[in-house]
Amino acid sequence: MVEDGLGDLVAKGLGSGLLSFSTDLASAVAEVEAVLLCLPTPTAADGSTDLAVLEEVCVELGSLLETGTTVVVRSTVPVGTTRRLPEMMGRSDLPVVANPEFLREGTAVSDFLGPDRIVVGSDDRDAAAFVAGFYEALDVPKVVTDPSAAEMIKYASNAYLVTRLSFINSIAAVCEGLDADIDAVVEGLGLDHRIGSAYLRPGPGWGGSCFPKDTRSLVDSARRGGYEFRFLEAAITANEEQFDRVVAKVEATVEGGISGRCVAVWGLTFKAGTDDHRDSPAVAVIERMMVAGARVRAYDPTVASRSEALPEGLEICADPVEACRGADGLVILTEWPEFAEVDPGAVSAVLEVASVVDTRGVIDRKRWTSAGFGVESIGR
Ligand code: UDX
């Protein structure tokens, strides 16, 4: 796992005796004042949220916890779940609190120590104050509310962020058609203090282990609550279309199309700074290219070999230039800074056609065009 600062923190915690790990739930929760649930809540096949792991753990906790132990839900769970915890545990003497985390992969430690806000939701005021007290040392706003609002804040945050990303990718598509430069547009847009510049970088689409899952979950929950969240569904559809648009760009750079040809890919993870390729836009694009009949050779600094989670037949290469050997075109799908350092001359020496689709804006356009490359990007 690539997580800045985590190794040191864990070592320090273990060394001081403040941190310990156990696979034995009974001994781990004996004599504790609070239990924090950080459990996976994946999407089920029907689009709903699969709470099986949470339910299973709650049943176990119900038979183990001492009266008064506070149970804190840190996982992203559908609105109403925290209030159902007493029923799942078969106990009404354990205060329950929703305390969603907003950590990003790769920067979880700094996000934890410097959050924008802390959200705590409970129907039990004392329990809410107790959990808010965990974060006393952090001088940030603390939103103390009821459990449903706390759960909703997490979903609304992620839904808003993906909407921004689908919006900017759509603006980029408009820019391409009308010959406007997306970089200048993003700069001018982000300087409006009502808008801000974060989460406005166009790319191959958004992904990761949270955004796709949480947006689908919110669409599903909304429907159960009697509302068709068409606006958010449109953001999801725009994202799928973004993957298709990237493939179309690659198709356009390879004469005669990609069927039966070989495409080199730089980047497999859903963003730089992580080794996670679950629900990665890069993988979505690769799958589409393979369905279109392309052979794909890929390089990613954190992926040394093909795992089961990667498409069958995908070739993993040891370095970026090697991935390009004999390929008919190159597409960059993750913004790893090291890609900017690669010498375009070394790439053109092994690539059949000097063309690159840079979906993340990582390479120096001038340097690559001077080296004879056709450079395609998003929004330009
Ligand atoms: C996200 C949320 O940010 C975090 O608050 C939540 O707890 C978990 O989900 P993470 O999955 O680590 O965190 O990803 P994030 O860094 O937010 O990026 C998500 C996706 O958006 C990536 O595919 C990334 O490349 C893309 N992105 C992000 C853009 O395309 N442009 C941007 O400007 C920002």
Enter the distance from Leu14:CG to Leu19:CG here, rounded to the nearest 0.5 Å.
-> 5.0 Å
SB check Glu352 Arg261 (cutoff 4.0 Å) | no
For Phe134, ring-ring contact (aromatic ring centres under 6.0 Å, His included) partners two or more places apart | Phe130
Does a salt bridge link Arg224 with Asp220, judged by any charged N lying under 4.0 Å from a carboxylate O?
-> yes
If every non-hydrogen atom of Trp266 is compared with every non-hydrogen atom of Pro320, which pair is closest and at what distance?
-> NE1-O, 3.0 Å
Applying side-chain contact (heavy atoms from CB on, under 4.5 Å) to Ser377 and not counting sequence neighbours gives Arg365, Arg380
Test: Arg288 and Glu240 ion pair at under 4.0 Å | yes
In the hydrophobic cluster built from side-chain contacts under 4.5 Å, what are the other members alongside Met289?
-> Phe243, Val246, Val247, Val250, Val254, Ile258, Val263, Val265, Leu268, Val283, Val285, Ile286, Met290, Val296, Val303, Leu310, Leu314, Ile316, Val331, Leu333, Val357, Ile378
Establish, from distance only, whether the side-chain atoms of Thr49 and Ser217 form a donor-acceptor pair under 3.5 Å.
-> yes
Could you tell me the separation between the CG atom of Asp46 and the CZ atom of Arg216, rounded to the nearest 0.5 Å?
-> 11.5 Å
Set of ring-ring contact (aromatic ring centres under 6.0 Å, His included) partners for Tyr227, sequence neighbours left out = Phe229
Measure the shortest side-chain to side-chain distance between Arg278 and Glu105 over non-hydrogen atoms and say whether it is less than 4.5 angstrom.
-> yes
Taking the hydrophobic residues Ile, Leu, Val, Met, Phe, Trp and Tyr, and joining any pair whose side-chain heavy atoms are under 4.5 Å apart, which ones share a cluster with Val185?
-> Phe167, Ile168, Ile171, Ile182, Val186, Leu189, Ile195, Leu200
Below 3.5 Å, can you tabulate the donor-acceptor pairs from side chains in residues 338-347 to any protein atom, sequence neighbours excluded?
unit_1 : atom_1 : unit_2 : atom_2 : d
Glu338 : OE2    : Tyr299 : OH     : 2.9
Asp343 : OD1    : Gly345 : N      : 2.9

Pair Arg325 + Glu322: basic N to acidic O under 4.0 Å | yes
Supply the atom-to-atom distance Thr41 OG1 to Asp214 CG, rounded to the nearest 0.5 angstrom.
-> 6.5 Å
CG (Asn99) and CG (Leu36) are apart, to the nearest 0.5 Å, by 6.5 Å
Output all residues satisfying salt bridge (Lys or Arg N to Asp or Glu O under 4.0 Å) with Asp300, sequence neighbours left out; order by chain, then residue number.
-> none
Linking Ile, Leu, Val, Met, Phe, Trp and Tyr through side-chain heavy atoms less than 4.5 Å apart, which residues share a cluster with Ile153?
-> Phe102, Val119, Val143
How would you list, by chain and number, every residue that makes a ring-ring contact (aromatic ring centres under 6.0 Å, His included) with Tyr155, sequence neighbours excluded?
-> none
If you look only at pairs with a residue in residues 160-176, which of them pass as a side chain to side chain donor-acceptor pair (under 3.5 Å), with sequence neighbours excluded?
-> Tyr160-Arg164, Ser166-Trp206, Glu176-Arg245, Glu176-Lys249
Under a 4.5 Å cut-off applied to non-hydrogen side-chain atoms, are Lys213 and Asp279 in contact?
-> no
Side chains of residues 64-73: which donor-acceptor partners sit under 3.5 Å, not counting sequence neighbours?
unit_1 : atom_1 : unit_2 : atom_2 : d
Thr67  : OG1    : Asp93  : OD2    : 2.7
Thr69  : OG1    : Glu66  : O      : 2.7

Residues forming a ring-ring contact (aromatic ring centres under 6.0 Å, His included) with Phe211, sequence neighbours excluded = none
Check whether any side-chain heavy atom of Asp276 lies under 4.5 Å from a side-chain heavy atom of Ser209, and answer yes or no.
-> yes
